[in-house]
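Residue numbering restarts at 1 for every chain, and letters A, B, ... go by the order of the sequence lines. Values reported hereafter were calculated over all heavy atoms of this structure, with side chains retained and with hydrogens, waters and symmetry mates removed. All values reported here derive from a predicted model rather than from experimental measurement.
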Number of protein chains: 2
Amino acid sequence: MGVAVDLAIFTVQEARLELLLIRMKREPYTGQWALPGGRIRGDETVEQAATRELYEKAGLQQVYLEQLYTFSEPSRDPRARCISVAHMALIRGDAPLRTTDKYSGIGWFPVTRLPPLAFDHKAMADYAIKRLRAKLEWSDVARNLLDKTFTLGELQRLYEAILGKRLDARNFQRRAVAIGMVKDTGKMRTGQAYRPARLYRFA
Amino acid sequence: MGVAVDLAIFTVQEARLELLLIRMKREPYTGQWALPGGRIRGDETVEQAATRELYEKAGLQQVYLEQLYTFSEPSRDPRARCISVAHMALIRGDAPLRTTDKYSGIGWFPVTRLPPLAFDHKAMADYAIKRLRAKLEWSDVARNLLDKTFTLGELQRLYEAILGKRLDARNFQRRAVAIGMVKDTGKMRTGQAYRPARLYRFA
DNA sequence: GCAAAAGTGTTGTCGGTACACCCATGC
DNA sequence: GCATGGGTGTACCGACAACACTTTTGC
């Protein structure tokens with residue numbers, strides 16, 4: 001029985017949460033968009049396979065990776081029986097993508113406007129978005145989507161993009177500091193309009 | 001590559017959270033305790049395989065089942081490469097167990113005193129306990145461990161057994177009703193010492 | 001009456017929300 | 001000066017912990 005990994009790779013760009021999709025070359029989903037992924041090898045864990053796919057197919061390294069759920073409907077892959085372990089990855093908005101000739105296309109899509117997806121990848125994407133949103137509320141996963149230092153305004157816009165709703169800036173800032181998630185670096189963000197903001201880093 | 005399911009089957013008996021373990025007949029873990037489980041077949045999902053194992057190996061039916069995590073270390077099974085999807089199951093304390101000649105023994109163990117476990121089953125058991133405790137705090141999974149009706153005292157003792165700590169009865173009762181988790185049935189628990197308690201059911 | 005469990009009332013604290021207000025900069 | 005985002009102060013509300021107290025039964 002085949003075992004594969006599939007990846008929901010997220011980034012935040014221009015205040016939008018986006019998902020990385022590839023366009024398939026091979027039958028039976030030629031031309032369709034799907035999550036990147038592939039078979040696991042005999043000597044690696046599913047996490048290692050996911051890390052490898054991330055590098056081989058998109059040129060990404062050193063990214064946050066988390067196992068999500070195993071999808072195992074016998075009919076999920078029309079070609080052959082193959083279960084797939086879905087993962088979530090988070091990368092900074094400016095990371096450059098490498099393309100591969102394995103796919104006929106690769107691109108970022110806002111999660112609010114995803115095209116139809118191959119296999120059961122719609123369910124995987126939905127699951128990943130749900131998990132990311134939940135995790136944002138009680139953890140500091142957001143650190144994997146931002147630079148080392150950032151302003152509270154930047155952090156807030158990241159949260160708003162992922163959660164898909166507006167937050168109160170005053171309460172957001174106080175809370176971020178109060179729960180010890182971020183620490184003041186003592187530096188300021190200059191060179192922009194309006195009052196300069198303090199730069200923070202994750203604690 | 002082999003794909004298996006393993007099951008962390010919980011029950012609460014005499015105010016203790018207990019885990020169902022089987023004793024292995026075959027090499028290389030002959031005589032060792034382990035979580036029940038087995039290979040999945042070509043025409044079933046991992047959840048269906050877990051349900052089937054639950055019935056075949058322990059005679060259990062209609063139980064709460066939840067997929068947890070996929071364990072995939074290449075060396076996790078010394079016999080052959082085989083990944084395993086860990087699941088959690090919850091059953092009522094009085095459920096009768098069927099034995100099978102596939103194992104040389106089967107029994108309940110308090111989670112505080114587990115014997116050494118075969119494969120990576122210790123990690124699976126730890127993961128399952130953690131998940132069960134977390135889920136107890138915000139969901140009504142407890143319903144799968146109790147009868148249709150129960151007193152708030154019984155529900156509290158269940159919570160205390162799983163969480164491994166004492167709770168304030170007065171706050172516990174008020175909260176259970178306030179958040180709408182349980183509803184008063186209007187009936188009372190009679191035939192026991194002391195003041196009779198109201199019987200509740202899950203909402 | 002007494003022990004034990006069931007159940008109610010009250011109070012304080014803490015986290016979160018709402019929102020008025022001040023600050024510092026570019027233009 | 002004024003627009004704009006950065007940042008502080010404060011008041012209110014609901015959840016929850018702590019704990020005093022009453023109720024109802026078996027013995």
Side-chain angles (χ1 to χ4, degrees), chain A residues 12 14-16 133-140 142 146-203, chain B residues 12 14-15 133-140 142 146-147 149-203:
Chain A
V12 174
E14 294 165 30
R16 281 196 313 268
R133 286 186 176 147
K135 202 145 182 174
L136 204 64
E137 310 270 16
W138 56 267
S139 81
D140 62 349
L146 278 180
D147 288 334
K148 279 270 180 298
T149 64
F150 49 86
T151 69
L152 292 180
E154 288 160 2
L155 182 62
Q156 184 187 343
R157 282 187 287 279
L158 181 80
Y159 268 69
E160 291 178 337
I162 296 174
L163 298 177
K165 64 180 181 190
R166 305 301 314 261
L167 301 171
D168 184 296
R170 302 158 289 196
N171 295 328
F172 181 82
Q173 293 178 63
R174 222 175 343 213
R175 182 171 179 276
V177 178
I179 64 174
M181 184 170 72
V182 300
K183 276 199 167 36
D184 193 344
T185 63
K187 300 205 179 70
M188 304 290 269
R189 169 82 82 219
T190 57
Q192 271 154 295
Y194 316 122
R195 171 174 172 175
R198 290 184 197 166
L199 282 168
Y200 288 80
R201 59 177 175 76
F202 281 96
Chain B
V12 174
E14 294 165 30
R133 286 186 175 147
K135 202 146 183 175
L136 203 64
E137 310 268 17
W138 56 268
S139 80
D140 61 350
L146 278 180
D147 287 335
T149 64
F150 49 86
T151 69
L152 292 180
E154 288 160 3
L155 182 63
Q156 184 187 342
R157 283 186 287 279
L158 180 81
Y159 268 70
E160 291 178 337
I162 296 174
L163 298 177
K165 65 180 180 189
R166 305 300 314 261
L167 301 171
D168 183 297
R170 301 158 289 195
N171 294 330
F172 181 83
Q173 292 179 62
R174 219 170 349 204
R175 183 171 179 278
V177 178
I179 64 174
M181 184 170 74
V182 299
K183 277 203 164 37
D184 193 344
T185 62
K187 299 206 180 68
M188 304 289 269
R189 170 80 83 218
T190 57
Q192 269 155 297
Y194 315 124
R195 172 173 172 177
R198 290 184 198 167
L199 282 167
Y200 288 80
R201 59 178 176 75
F202 281 97

Taking atom [atom2] of [N] as reference, at what distance in whole Å does atom [atom1] of [X] sit?
| X | N | atom1 | atom2 | value |
| --- | --- | --- | --- | --- |
| A/Leu155 | D/dG7 | CG | P | 12 Å |
| B/Lys165 | D/dC16 | NZ | P | 13 Å |
| B/Asn171 | C/dT11 | CG | P | 15 Å |
| B/Glu154 | C/dA5 | CD | P | 13 Å |
| B/Asp184 | C/dG7 | CG | P | 8 Å |
| A/Leu167 | C/dG15 | CG | C1' | 16 Å |
| A/Tyr200 | D/dG7 | OH | C1' | 8 Å |
| B/Asp168 | C/dT10 | CG | P | 17 Å |

Mind checking whether [X] and [Y] have side chains closer than 4.5 Å, heavy atoms only?
| X | Y | result |
| --- | --- | --- |
| B/Met181 | B/Arg175 | no |
| B/Glu137 | B/Arg133 | no |
| A/Tyr200 | A/Leu152 | yes |

* Touch check for B/Arg198, heavy atoms < 4.0 angstrom, all strands: base, sugar-phosphate only, or nothing? ->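 Sugar-phosphate contact only - B/Arg198 comes under 4.0 Å of backbone atoms but never of a base.
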* A/Thr149 backbone acceptor or donor facing A/Asp147 side chain under 3.5 Å ->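 Looks like no, no N/O pair under 3.5 Å.
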* Counting distance only, does the side-chain N/O of B/Gln156 pair as donor-acceptor with the main-chain N or O of B/Gln173 below 3.5 Å? -> no
* Structure fact -> Protein heavy-atom contacts under 4.0 Å, written 5' to 3' over nucleotides 20-27 of chain D as B (base), S (sugar-phosphate only) or - (none), form the string BB-BBBS-
* To do: May I ask you to check whether A/Phe172 and A/Tyr159 place their ring centres under 6.0 Å from each other?
  => yes
* When you get a sec, tell me which of C/dA6, D/dG6, C/dC19 is the closest nucleotide to the side chain of A/Ala197? => D/dG6
* Only one of A/Val182, A/Thr185, A/Asp184 passes side-chain contact (heavy atoms from CB on, under 4.5 Å) with A/Leu199; say which it is. => A/Thr185
* Asked: Is there a donor and acceptor pair, one atom on the side chain of A/Arg174 and one on the base of C/dG16, closer than 3.5 Å?
  -> no
* Determine: side-chain N/O of A/Arg175 to OP1/OP2 of C/dG16, distance under 4.0 Å, yes or no. => yes
